[in-house]
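Numbering of residues begins at 1 and proceeds along the displayed sequence.
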Amino acid sequence: MPTPGTSAVPFWRRPVVLALAAAMVTGLLLWWIYAPLFGASFLRWDDGHNITRNPLLSGDTSWTEMWARPWFGLYIPVTLSIWRALLDLGAGAVPFRVFNVVVHGFNAALVALLTWRLSRYLHGSDGIRGPHERARLMGAAIAALLFAVHPLQVGAVGWISGGRDLGATCCALLAVVVLGTSAVPTGIALAVSSVLFTAGLLCKPSIAAVPLVMGLVAVLLQASWRRRFLAATFIWSVPTAAVTIITARTQMEMTPLDIPIGARLIGAVDAIGFYVTKVWWPAPLQVDYGRIPAAIGGDPSTWQPSMMLTVPLALALFIAIGAGVVFARAGTSAPALQDASARVLTRWSAVAIVCAIVTAAPVLGVIPFSFQRISTVADHYMYLPLVPITIVVGLTAGRLFRSQADSGLPSRASRGPLSAPAIIVMGVVAVALALLTATARRHVADYRDDAALFSAVLDHQPTSVSALSMIGMMECSRGDLVAGTAKLARAMELAPSRPTVLANYAFCLYQGGHTTETLALMARLDDPLVQGELDRDDEPAGNLLNTLAGALFQEGNLGAGWPLLCQASVLAPRETGIMANLEDIAAQAAESGFTLQCPPRVSWEVLLRVVRVERGAPR
């Protein structure tokens with residue numbers, strides 16, 4: 001005999017069917033969004049530094065070396081180990097692209113699981129069967145879909161180096177899932193979740209604020225979690241502190257930034273307002289927004305129009321958080337919040353926004369980090385903060401569906417057609433997800449290759465030094481020297497000490513036959529600021545010296561060019577062009593009866609003194 005809520009329910013409304021359908025829809029949407037990237041190659045946007053030209057990932061390097069020291073400003077040995085394994089497959093960028101999409105899909109599934117579990121505390125014990133259970137599943141599915149298809153996520157998934165953010169978030173979410181599983185004994189849950197969280201820190205320390213989030217959740221939301229979550233907060237804080245110290249020291253060594261505290265605070269508030277706008281209106285999106293501390297915290301007359309809106313938006317968000325907490329505590333005095341679950345949802349929404357801000361705190365700019373020389377804000381910094389936001393959206397949607405189930409007759413709720421309000425809600429959700437999916441697919445096209453990526457930046461940010469430098473270099477490489485040199489000259493005006501700009505500008509001048517102008521750049525090497533920048537970025541420093549050496553050889557001055565070429569080979573030994581030039585010059589000298597040998601790396605002062613002596617210039 002059929003029992004109510006089970007066999008009487010059409011199969012398409014059964015929880016297992018709904019969950020499988022949601023998983024299939026999410027997978028198909030992710031495939032449709034990111035399929036254009038499966039044949040795309042690595043990008044110059046740090047993929048070279050991180051992967052293709054990373055000496056720690058070469059076959060000649062021991063696996064243990066990647067655990068011995070930080071690389072490119074971060075201590076991420078778990079991520080490096082994964083990249084090394086993917087690189088060893090010998091299939092180019094394809095395994096990395098697939099890895100990012102698969103991990104992103106798994107993270108969306110974890111978001112759904114967390115939303116489904118948390119919704120139980122909103123529905124109560126009566127919300128685990130029948131239409132209430134379906135409402136919970138619908139809310140979880142919406143949270144997962146929103147997290148999966150939101151265009152902001154393209155910054156982490158479409159960019160191969162964004163695998164660091166994906167792996168770190170995956171480990172953090174798994175740690176929270178294990179910790180919140182009541183069936184697992186407390187001791188085991190704490191041990192396993194601590195290992196997972198530590199692995200996430202070693203993927204990327206962007207999850208460093210998660211222990212604080214756990215403490216906030218334990219204190220403000222659910223008393224039943226307090227013991228486990230507070231214990232995890234203290235345990236996880238130990239590896240967090242160690243990794244934070246290493247990261248802060250490494251970041252400052254990589255790019256020292258002297259930013260006044262006032263500019264940092266203004267920049268942080270601006271970043272919060274900026275992310276609010278991008279969550280609700282994710283267009284246009286790009287890799288370089290140019291929101292550097294000098295522009296945000298300097299003279300207000302230099303602010304862009306969008307910067308005039310972000311601070312009021314952030315302040316409005318803080319006011320909304322406070323209002324949500326006040327109303328949630330108002331009890332029955334607020335008619336709209338007479339339902340206990342509505343009050344809980346309001347309080348959780350306020351706390352979720354706070355948690356999103358806290359998880360983004362390490363990259364808001366209060367503590368300087370190296371990317372701030374380009375921009376304080378970036379899309380992939382919002383990958384983890386979107387988790388609490390999408391969970392609250394899913395909880396809200398689930399409660400709306402539950403309200404519709406409660407408002408109808410039992411027979412109608414279990415088998416009849418949906419009510420008009422429910423159809424409207426589902427229609428709005430479907431349209432919103434469709435628009436987000438289409439926007440994400442369009443944004444994915446920017447990550448197909450370097451030309452598309454940096455052209456998209458220049459379309460919206462004409463003063464982007466990175467885009468001007470990269471596009472200029474590509475134009476010079478394909479023979480369009482006039483256009484390329486013009487872009488690089490503009491980049492030199494904006495960032496005269498940046499190594500990549502110097503190296504690319506010298507290359508374009510040299511390719512265009514402007515030997516005198518190329519050698520004139522050598523005067524910039526006397527600047528201690530330029531020397532410091534070059535010391536922190538060996539590859540462009542080596543390319544710059546290689547070009548300067550070529551200009552000296554063109555002048556016929558072998559004695560001045562050889563020390564520069566030797567220094568270039570020391571700085572960038574993996575650059576095949578530099579090593580080929582070294583072998584060629586040494587062979588030419590041998591044919592003339594000379595033997596040339598490279599000295600070890602020397603200081604800039606010594607190197608420049610030798611070059612001036614050989615050129616006959618004053619010391």
Side-chain angles (χ1 to χ4, degrees), residues 33-54 56-57 71-74 76 79-80 82-84 86-87 89 91-101 103-104 151-167 204 284-290 370-371 373-375 378-381 383 440-461 464-478 484 487-488 491 498-501 503-504 507 537 539-540 543 572 574-575:
I33 291 171
Y34 293 102
L37 295 183
F38 291 150
S41 62
F42 295 98
L43 299 171
R44 295 189 185 186
W45 190 252
D46 287 349
D47 284 349
H49 284 291
N50 289 321
I51 302 171
T52 57
R53 295 189 300 275
N54 186 343
L56 296 179
L57 302 184
W71 175 255
F72 204 48
L74 294 172
I76 51 172
T79 297
L80 291 178
I82 295 171
W83 284 344
R84 172 72 175 271
L86 295 175
L87 204 59
L89 295 177
V94 175
F96 294 86
R97 298 287 187 185
V98 174
F99 172 81
N100 279 14
V101 175
V103 174
H104 179 52
L152 270 178
Q153 307 293 54
V154 176
V157 184
W159 179 40
I160 289 178
S161 295
R164 300 171 297 187
D165 300 85
L166 304 174
K204 189 178 181 181
L285 299 174
Q286 56 198 71
V287 296
D288 178 8
Y289 292 101
S370 62
F371 189 69
R373 62 190 172 89
I374 296 175
S375 179
D379 294 347
H380 66 280
Y381 291 154
Y383 189 81
R441 165 85 176 199
R442 186 166 59 249
H443 184 40
V444 158
D446 295 339
Y447 288 83
R448 291 171 303 175
D449 51 49
D450 295 315
L453 183 67
F454 296 113
S455 295
V457 174
L458 285 183
D459 287 342
H460 303 289
Q461 184 69 26
S464 168
V465 175
S466 302
L468 287 168
S469 178
M470 292 298 184
I471 292 290
M473 181 65 173
M474 286 187 284
E475 289 177 341
C476 289
S477 297
R478 62 173 178 254
K487 287 184 176 62
L488 283 160
R498 191 173 298 181
T500 52
V501 175
N504 291 347
F507 174 81
D537 209 345
E539 184 179 319
N543 288 328
R574 294 174 63 83
E575 286 291 320

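Residues Pro36 and Arg441 are in side-chain contact: their nearest non-hydrogen atoms beyond the backbone lie under 4.5 Å apart. With contacts defined as side-chain heavy-atom distances shorter than 4.5 Å, the pair Asn543/Phe507 does not qualify. Residues Ser41 and Asp449 have side chains not in contact (no heavy-atom distance under 4.5 Å, counting atoms from C-beta outward). By the 4.5 Å heavy-atom criterion applied to side chains, Leu87 and Ile51 are counted as neighbours. Between Leu453 and Val287 there is a side-chain heavy-atom pair separated by less than 4.5 Å. Between Ile374 and Arg498 there is a side-chain heavy-atom pair separated by less than 4.5 Å. Counting heavy atoms from C-beta outward, Ile76 and Trp71 have side chains that stay 4.5 Å or more apart. In this structure, the side chains of Ile160 and Phe99 stay at 4.5 Å or more apart for every pair of heavy atoms.
Across all non-hydrogen atoms, the minimal contact from Leu37 to Gly158 is CD1-CA, 3.6 Å. For Leu74 against Arg164, the heavy-atom pair with the smallest separation is CD1-NH1, 3.7 Å. Taking both residues in full, the closest heavy atoms of Ala93 and Ala40 are given as CB-O, 3.5 Å, listed atom of the first, atom of the second, then distance. Of all non-hydrogen atoms in Tyr383 and Ala156, the two that sit nearest each other are CD1-CB, 3.9 Å. For the residue pair Leu488 and Gly472, the shortest heavy atom distance occurs at CD1-C, 3.9 Å. In plain terms, the two heavy atoms of Asp450 and Arg44 that are nearest each other are OD1-N, 2.7 Å.
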Evaluate side-chain contact (heavy atoms from CB on, under 4.5 Å) for His104 paired with Val101, printing each intermediate quantity in order.
CA-CA 5 Å; His104 179 52; Val101 175; 5.6 Å; no

Might you work through the side-chain hydrogen bond (donor to acceptor under 3.5 Å, both in side chains) test for Asp288 and Ser464, ending with a clear yes or no?
CA-CA 7 Å; Asp288 178 8; Ser464 168; 2.4 Å; yes

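Ring orientation note: the planes of Trp45 and Phe371 are nearly perpendicular, at an angle over 60° on the 30°/60° scale.
For the pair Asp379 (side chain) and Leu152 (backbone), a donor-acceptor distance under 3.5 Å is absent. For the pair Ser469 (side chain) and Val465 (backbone), a donor-acceptor distance under 3.5 Å is absent. Remark: side-chain polar atoms of Asn100 are paired, donor with acceptor, to backbone N or O of Trp159 under 3.5 angstrom.
To the nearest 0.5 Å, atom OG1 of residue Thr79 and atom NZ of residue Lys204 are 9.0 Å apart. Atoms CE and CZ, on Met474 and Phe454 in that order, are 6.5 Å from each other to the nearest 0.5 Å. The CZ atom of Arg97 sits 12.5 Å away from atom CG of Leu86, with the distance rounded to the nearest 0.5 Å. Between Leu166 atom CG and Ser161 atom OG the span is 11.0 Å, to the nearest 0.5 Å. For the atom pair CD of Gln153 and CG of Leu285, the computed distance is 11.0 Å after rounding to the nearest 0.5 Å. We find the OH-CG distance between Tyr381 and Asp165 to be 8.5 Å, quoted to the nearest 0.5 Å.
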